[in-house]
Amino acid sequence: MPALGQATGETVQMVFWSALLTLILGLPLGVLLVIADRGGLVPVPPVKALLGGVVNVGRSLPFIVLMVAILPFTRLVTGTTIGTVAAIVPLTLGAVPFYARLVETALRGVDREVVEAAQAMGASRLRVIGRVMLPEALPGLVAGLTVTIVALIGYSAMAGAIGGGGLGDLAIRYGYQRFDTAVMVVTVVLLVVVVQVVQSVGDLVARRLSHK
């Protein structure tokens, strides 16, 4: 079925680019949440409160509501509100707050004594973040990214509801609207397989990193 191959490719494209953008934006946001908190490397409680509020708002919005709410912004960025490229915008905005909280959790798990030892040796704040905190939290960061990618796969399926393309769009147009049970079953199975592969690879990488 040619449509199945095209839909799979669109889903992979949406998830890959939104995951990459989520990593680029969510990682520094999570770091800021930690270092700006009381007792952090650069304690600025008002900044922490502001960022925390923004993240909480982003996480509280159901994805389908977020997609519709930011349609004007999506059109401004991509020139359209339908298709794979347009879907990347809400996917990214929905995933960044989610991943930022996971980054924050992973960094808070770093042994405080290790950070203090690096500071006692004269390491700058940037060096402490880049050479101590992030490497120590790497298994947790990878695990968090894996969970985020799995969530993005689910989000990408929902993006089909407003013409985002991908497997979700295929399932709605052919499986639901045309009552084609075979297409629906194949789509669901394919999504489950993709999620299992992503989760298994992510778990493996996280375990390897934690044993180093």
CD1 (Ile153) and OG1 (Thr11) are apart, to the nearest 0.5 Å, by 9.0 Å
With a 3.5 Å distance limit and no angle check, can you tell me whether Ser18 reaches the backbone of Val15 through a side-chain donor-acceptor pair?
yes
Can you tell if the side chain of Pro90 reaches within under 4.5 Å of the side chain of Thr74, non-hydrogen atoms only?
yes
Given Thr187, Val188, Val195, the one that forms side chain to side chain contact (heavy atoms under 4.5 Å, CB included) with Leu191
Thr187
If you take all heavy atoms of Gln13 and Ile88, which pair is closest and at what distance?
O-CD1, 4.5 Å
Ile70 CD1 to Leu76 CG distance, which is reported to the nearest 0.5 Å:
11.0 Å
Is the closest side-chain heavy-atom distance between Pro46 and Val44 below 4.5 Å?
yes
Could you walk me through whether Arg108 and Asp37 satisfy the side chain to side chain contact (heavy atoms under 4.5 Å, CB included) test, starting with their C-alpha distance in whole Å, then the side-chain angles of each, then the deciding distance to 0.1 Å, before giving a yes or no?
CA-CA 11 Å; Arg108 291 193 186 283; Asp37 201 2; 2.9 Å; yes
Can you tell me which residue pairs pass the ring-ring contact (aromatic ring centres under 6.0 Å, His included) test with a partner in residues 67-110, sequence neighbours excluded?
none
Check whether any side-chain heavy atom of Arg38 lies under 4.5 Å from a side-chain heavy atom of Pro45, and answer yes or no.
yes
Between the CD atom in Gln199 and the CD1 atom in Ile149, the distance rounded to the nearest 0.5 Å is 10.0 Å
Rounded distance [0.5 Å steps], CG in Leu145 versus CG in Leu20:
9.5 Å
Quick one: pull up CZ in Arg208 and CG in Leu204 and give me the separation to the nearest 0.5 Å.
5.0 Å
With heavy-atom distances below 4.5 Å as the criterion, would you say the side chains of Val34 and Leu41 are in contact?
no
Any heavy-atom pair between the side chains of Leu29 and Val103 that's under 4.5 Å?
no
For the pair Asn56 (side chain) and Gly52 (backbone), establish whether a donor and an acceptor sit closer than 3.5 Å, ignoring hydrogens and angles.
yes
Glu136 vs Leu107 side-chain heavy atoms within contact, under 4.5 Å:
no
Under the criterion side chain to side chain contact (heavy atoms under 4.5 Å, CB included), I'd like the reasoning laid out for Leu209 against Val142: C-alpha separation, chi angles, the key distance, then a yes or no.
CA-CA 9 Å; Leu209 290 172; Val142 171; 3.5 Å; yes
Between Ser210 and Arg207, is there a donor-acceptor pair closer than 3.5 Å when you use the side chain of the first and the backbone of the second?
yes
Test item: Val85 and Thr80 side chains (from C-beta on) under 4.5 Å apart, heavy atoms
no
Quick check for you: to the nearest 0.5 Å, what is the distance between Leu141 atom CG and Met133 atom CE?
10.0 Å
Step by step, would you call Val132 with Gln119 a side chain to side chain contact (heavy atoms under 4.5 Å, CB included)?
CA-CA 10 Å; Val132 179; Gln119 290 178 301; over 6 Å; no
If you take all heavy atoms of Gly140 and Ala106, which pair is closest and at what distance?
C-CB, 3.9 Å
